[in-house]
A.B. asks: 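Questions regarding the structure given below will be posed in turn.
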Amino acid sequence: MQGINFMEKKVAFNALVSLLKDSTLSEDDGYLCVTFPNSIAMNNDKITTLMQDCGYCTNSHSITDDKLYINRASHVWLGGTCPIYLDHKHFWQQIQSATELPENFFIANDKTSSCDDVPTRSIRIYSTFFIWKKLISKIADHIQINRAIIFITTDNSVKKLDIPLSVENSELQLIENPDECLSEITKLYSLIEVIDPHSKERVSVLRTALSEAANKISNNNLLFELINKTVYITRKYDELYDIYTRRFSVNKLLNELDEKSLEFTSKINEYISSSQNKALTIPGALIAIGALVKSGGILESLIIFFGLWLIKSVTKTANDIYRESFESLDKRLDNAFRKYLKFDEGKEVRESAVCIETELREQFKNAKLRLNKIDTWAIYMLIGGGIYLSFSSYKHITAEYISTLKEIMNFFEGLSKEIFASIKSLANFLISVICL
């Protein structure tokens, strides 16, 4: 018995099911009574081997005439579970607390089995139930005894979904469109199983879809109603997830726009800051002028004026370079924001793009005006410095001229006095000579 592998057991169970389907079945005090048709001849050794390969752990079976009696007690089967059930009610009682359909099973009353090429309607419903059960268990916040608790947070409140993890078979068989339900829930579960950066978002979207479906349900058994509304829930999930992906795309684009805005704004501030740093040399130049002019003459004034002209020229040249940079940024702005005006995600992106582009163009305009002001200040500095130097030089030249003129006048005054005195002495001498 220990040597039975999965494939051997599967093949053996398929053979047993084939035998049972061709036979007449009945229940007899815990045994399944199998009446073979006349066309089937079975011997005891072959039956014993087949049963053992299926996991039958005892020889407590018998073949009398054309009848086989199989003990359905769990303790005589490998794993403690008999794979043969009398009817669907018995089958459901045994498996509903499990997580999936048994690997091997046979239901005697309608001869449904796990070996069927095309599962019956009931088996498809059971499969749908188990997938739903796994799905809810996967996304639940808490699992209690046969119940799942899900808390769904909204903007204004927290909603609690208390979902039972069992359904009566009689109620389960009322499920509408089992084929479509199975197909849809299988696809949905495969999506939730995927592990990627959006896993949490998909679970959140599904929880929201369940909440919206629960709002339309009045039946006490919420799980049954959810299964019955499988198609509605999966389509609601697709709708909400589509909204999420569009919202994600919009947020991504808006973040890109913010990054673009920050990039251009940083460039503008960098250029203006650099230009303003150069403009700070203007007051320093004026202070230097004031210090030098006090003791300067014409030559010093010309040197200082030349320095002012250089400062003005350098400032103007630097600002011209920044203007060219702004023109380049302006062209980049057109290219950077043009694509955002063509997106189909909604007018939110387009409106944001237009708003940011307008603000940046206004910043360009203001930046150019500031550069013009700096140029104007440089010109005013040159003109004002020239006027001040001219006036100072004029005063210096006038003072020197008056001082020199006074010295000349004093010289000639003194000289004339000496000449007059000499002439007077000479005249007195001549007069005295004549009188002699």
Side-chain angles (χ1 to χ4, degrees), residues 1-127 129-130 133 146 165-173:
M1 293 297 297
Q2 299 298 324
I4 299 175
N5 60 35
F6 171 79
M7 290 304 299
E8 289 176 347
K9 186 175 182 180
K10 189 73 175 175
V11 171
F13 192 78
N14 285 350
L16 177 61
V17 167
S18 179
L19 176 63
L20 295 178
K21 284 192 174 186
D22 291 335
S23 305
T24 302
L25 308 177
S26 61
E27 197 270 339
D28 186 0
D29 194 22
Y31 284 78
L32 180 68
C33 179
V34 183
T35 303
F36 300 122
N38 295 331
S39 59
I40 298 179
M42 298 295 294
N43 60 63
N44 194 41
D45 291 338
K46 189 173 182 180
I47 286 290
T48 299
T49 301
L50 180 62
M51 294 297 294
Q52 288 178 345
D53 289 346
C54 290
Y56 201 57
C57 303
T58 182
N59 291 327
S60 60
H61 67 277
S62 62
I63 300 176
T64 58
D65 298 327
D66 292 330
K67 293 184 179 180
L68 167 67
Y69 291 88
I70 302 175
N71 190 348
R72 294 190 301 102
S74 59
H75 68 275
V76 301
W77 290 88
L78 187 65
T81 301
C82 174
I84 299 174
Y85 305 89
L86 292 178
D87 51 35
H88 282 273
K89 181 180 179 180
H90 175 229
F91 177 63
W92 189 245
Q93 286 175 346
Q94 296 297 315
I95 70 165
Q96 67 172 323
S97 60
T99 57
E100 59 184 359
L101 282 170
E103 181 183 314
N104 297 313
F105 64 86
F106 178 82
I107 303 174
N109 71 330
D110 62 356
K111 298 184 178 180
T112 297
S113 76
S114 58
C115 305
D116 295 339
D117 294 332
V118 179
T120 63
R121 181 181 186 277
S122 294
I123 299 304
R124 294 195 296 274
I125 290 176
Y126 299 151
S127 298
F129 166 84
F130 283 117
K133 188 175 179 179
N146 216 24
L165 296 179
S166 62
V167 181
E168 292 295 330
N169 185 54
S170 58
E171 191 174 22
L172 199 60
Q173 296 304 319

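FYI, the numbering just counts along the sequence from 1.
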A.B. asks: I'd like to know if the side chain of Lys111 reaches the main chain of Ser23, judged simply by a donor and an acceptor atom lying under 3.5 Å from each other, with no hydrogens or angles considered.
C.D. replies: yes
A.B. asks: Quick check: do Tyr56 and Leu16 have side-chain heavy atoms less than 4.5 Å from each other?
C.D. replies: no
A.B. asks: Donor-acceptor pair, distance only, cut-off 3.5 Å: does the side chain of Ser18 make one with the backbone of Asn14?
C.D. replies: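 The answer is no, because no donor-acceptor pair under 3.5 Å joins these two groups.
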A.B. asks: Yes or no on side chain to side chain contact (heavy atoms under 4.5 Å, CB included) for Asn146 and Ser97, after CA distance, side-chain angles and deciding distance?
C.D. replies: CA-CA 8 Å; Asn146 216 24; Ser97 60; 5.5 Å; no
A.B. asks: How many angstroms lie between CG in Asp29 and CG in Asn71, if you round to the nearest 0.5 Å?
C.D. replies: 9.5 Å
A.B. asks: Before giving the answer on side chain to side chain contact (heavy atoms under 4.5 Å, CB included), spell out for Gln96 and Leu172 the whole-Å C-alpha distance, their side-chain angles and the decisive distance to 0.1 Å.
C.D. replies: CA-CA 11 Å; Gln96 67 172 323; Leu172 199 60; over 6 Å; no
A.B. asks: If you measure from SG on Cys115 to NZ on Lys21, what distance do you get to the nearest 0.5 Å?
C.D. replies: 7.5 Å
A.B. asks: Does Glu27 form a side chain to side chain contact (heavy atoms under 4.5 Å, CB included) with His90? I'd like the steps, not just the answer.
C.D. replies: CA-CA 13 Å; Glu27 197 270 339; His90 175 229; over 6 Å; no
A.B. asks: Quick one: pull up OH in Tyr31 and CD1 in Ile84 and give me the separation to the nearest 0.5 Å.
C.D. replies: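 Spacing of OH (Tyr31) from CD1 (Ile84) equals 13.0 Å.
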A.B. asks: Minimum heavy-atom separation for Ala98 to Phe130, with atom names?
C.D. replies: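 Smallest heavy-atom distance, with atoms named: O-CE2, 3.4 Å.
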A.B. asks: Do you know which two heavy atoms are closest between Cys33 and Lys67, and how far apart they sit?
C.D. replies: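 Closest heavy-atom pair between Cys33 and Lys67: SG-CD, 3.9 Å.
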A.B. asks: So how far is it from Ser26 OG to Leu86 CG, rounded to the nearest 0.5 Å?
C.D. replies: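 Answer rounded to 0.5 Å: 9.5 Å.
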A.B. asks: Would you say Gln93 has more than 12 foreign heavy atoms packed within less than 6.0 Å of its CD?
C.D. replies: yes
A.B. asks: With the side chain counted from C-beta on, respond yes when Ile123 and Asp116 share a heavy-atom pair under 4.5 Å apart, and no when they do not.
C.D. replies: no
A.B. asks: For Tyr126, check ring pair (Phe, Tyr, Trp, His ring centres under 6.0 Å) against everything at least two apart and list the hits.
C.D. replies: His88, Phe91, Trp92
A.B. asks: Nearest 0.5 Å, what's the CG-CG distance between Asn104 and Leu101?
C.D. replies: 11.5 Å
A.B. asks: With a 4.5 Å cut-off on side-chain heavy atoms, are Phe129 and Ile95 touching?
C.D. replies: no
A.B. asks: In terms of heavy-atom contacts, does NZ of Lys89 have more than 12 from other residues, nucleotides or ligands at under 6.0 Å?
C.D. replies: no
A.B. asks: Can you see which heavy atom on Asp28 is nearest to which on Tyr69, and at what distance?
C.D. replies: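 Heavy atoms only, the tightest pair is OD2-CE2, 3.6 Å.
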A.B. asks: Would you please test Lys133 and Thr99 for side chain to side chain contact (heavy atoms under 4.5 Å, CB included) and show each step?
C.D. replies: CA-CA 7 Å; Lys133 188 175 179 179; Thr99 57; 5.6 Å; no
A.B. asks: Between Trp77 and Met51, what is the shortest heavy-atom contact and its length?
C.D. replies: CH2-CE, 3.9 Å
A.B. asks: Hey, are Ser122 and Gln173 close enough side-chain-wise for a donor-acceptor pair under 3.5 Å?
C.D. replies: yes
A.B. asks: Tell me if a side-chain donor or acceptor on Asp53 pairs with a main-chain N or O of Leu50 at a distance below 3.5 Å.
C.D. replies: no
A.B. asks: Over all heavy atoms of both residues, which pair between Phe105 and Tyr85 is shortest? Give the atoms and the distance, please.
C.D. replies: CB-CE1, 3.9 Å
A.B. asks: Write down the atom of Cys57, the atom of Leu78, and the distance for their closest heavy-atom approach.
C.D. replies: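 That closest heavy-atom pairing would be SG-N, 3.2 Å.
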A.B. asks: Please examine the side chains of Gln94 and Pro102, heavy atoms only from C-beta on, and report whether any two atoms are closer than 4.5 Å.
C.D. replies: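 Contact flag for Pro102/Gln94 side chains = no.
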A.B. asks: As an exercise, state the distance from NZ of Lys10 to SG of Cys54, rounded to the nearest 0.5 Å.
C.D. replies: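 Answer for the NZ-SG pair, Lys10 versus Cys54, is 11.0 Å.
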